[in-house]
Amino acid sequence: MIKDSDPKTPDPETLVRLRERLNKLATVLDSRFRIPGTRIRFGWDSIVGVIPVAGDVLTALLGGYIISQAYKAGAPRKLLLRMAANTLADLFGGSVPVVGDIYDVLWRSNQRNVRLLEDWLNSQIEPRTEQEHSLVKVLVVAILLGVGGIFAWKGFSGQLRP
């Protein structure tokens with residue numbers, strides 16, 4: 001949750017802009033182009049990945065940029081590790097000659113990472129406050145007491161007896 005007193009946590013507006021910027025980057029890297037007549041999409045990750053070693057390292061660095069932005073936004077360690085695992089899987093899977101290029105088209109690690117980050121960012125942009133949780137609890141208890149009260153009243157007045 002975003003805390004007003006936490007100077008490291010960006011404000012919701014900044015998080016929205018970050019989400020949009022990283023979405024654009026992931027689209028360019030993973031699905032900017034479409035093979036005509038098909039639904040198959042690919043991006044610069046697949047194109048640059050044709051260059052042995054250097055291409056995969058370059059696109060892994062761009063994937064690292066997405067992870068670094070997640071870190072700066074205050075993403076939890078577990079999320080960062082999962083994103084890093086996706087990027088490493090892309091690096092190693094994409095480095096296999098020929099098969100790696102197909103792997104890049106199918107894996108789309110950058111879009112996976114941005115989706116993971118988006119889920120977390122959305123929870124940060126519109127978090128449930130403790131007040132909202134307390135209100136829900138009070139309403140549930142009030143409804144249960146009301147229903148219980150109606151049954152008790154009906155039972156005492158003899159209306160529930162057959």
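Heavy-atom basis, side chains included; hydrogens, waters and symmetry copies ignored.
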Go through Asn122 and Arg19 one step at a time and tell me if the side-chain hydrogen bond (donor to acceptor under 3.5 Å, both in side chains) criterion holds.
-> CA-CA 9 Å; Asn122 288 336; Arg19 181 178 61 197; 2.3 Å; yes
Checking side-chain hydrogen bond (donor to acceptor under 3.5 Å, both in side chains) for the pair Thr59/Asp90: CA distance, chi angles, key distance, verdict?
-> CA-CA 9 Å; Thr59 57; Asp90 182 52; 4.5 Å; no
Show the numbers, then the answer: is there a side-chain hydrogen bond (donor to acceptor under 3.5 Å, both in side chains) between Ser46 and Asp104?
-> CA-CA 5 Å; Ser46 303; Asp104 279 339; 5.0 Å; no
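With hydrophobic clusters built from ILVMFWY side chains whose heavy atoms lie under 4.5 angstrom apart, Ile35 shares a cluster with Val105. A continuous path of ILVMFWY side-chain contacts below 4.5 Å connects Leu117 to Tyr71, so both sit in one hydrophobic cluster. Val53 and Leu61 fall within a single hydrophobic cluster, where Ile, Leu, Val, Met, Phe, Trp and Tyr side chains are chained together by heavy-atom contacts under 4.5 Å.
Atom-to-atom distance recorded for Asp45:CG and Asp56:CG is 7.5 Å, nearest 0.5 angstrom. Atom CD1 of residue Ile67 and atom CG of residue Leu62 lie 11.5 Å apart, to the nearest 0.5 angstrom. The CZ atom of Arg108 sits 10.0 Å away from the OG1 atom of Thr27 when rounded to the nearest 0.5 Å.
Nearest heavy-atom pair, Leu80 versus Ala70, reported as atom, atom and distance to 0.1 Å: CD2-CB, 3.7 Å. Nearest heavy atoms, Ala73 versus Leu121: CB-CD2, 4.4 Å. Between Tyr103 and Gly94, the closest heavy-atom pair is CD2-N, 3.6 Å. Met83 approaches Ile66 most closely through the heavy-atom pair CE-CG2, 3.8 Å. Minimum heavy-atom separation, Gln69 to Leu22: CB-CD1, 3.9 Å. Closest of all the heavy-atom pairs between Ala26 and Val114 is CB-CG2, 3.6 Å.
Proximity of Val99 to Ile102: side-chain heavy atoms (C-beta onward) are nowhere separated by under 4.5 Å. The side-chain heavy atoms of Leu25 and Tyr65, taken from C-beta on, include a pair separated by under 4.5 Å.
Because its NZ or CZ atom is not both nearer than 6.0 Å to the ring centre of Trp44 and within 45° of the ring axis, Arg32 does not count as a cation-pi partner of that residue.
Relative ring orientation between Phe42 and Phe33 is described as tilted, the plane-to-plane angle lying within the 30° to 60° band.
Asp30 places a side-chain N or O within 3.5 Å of a backbone atom of Gln111 that can act as its donor or acceptor partner.
Looking only at atom types and distance, the side chain of Ser109 has no donor-acceptor partner in the side chain of Asn86 under 3.5 Å away.
A salt bridge links Arg17 with Glu13: the distance from a Lys NZ or Arg NE/NH1/NH2 to an Asp or Glu carboxylate oxygen falls below 4.0 Å.
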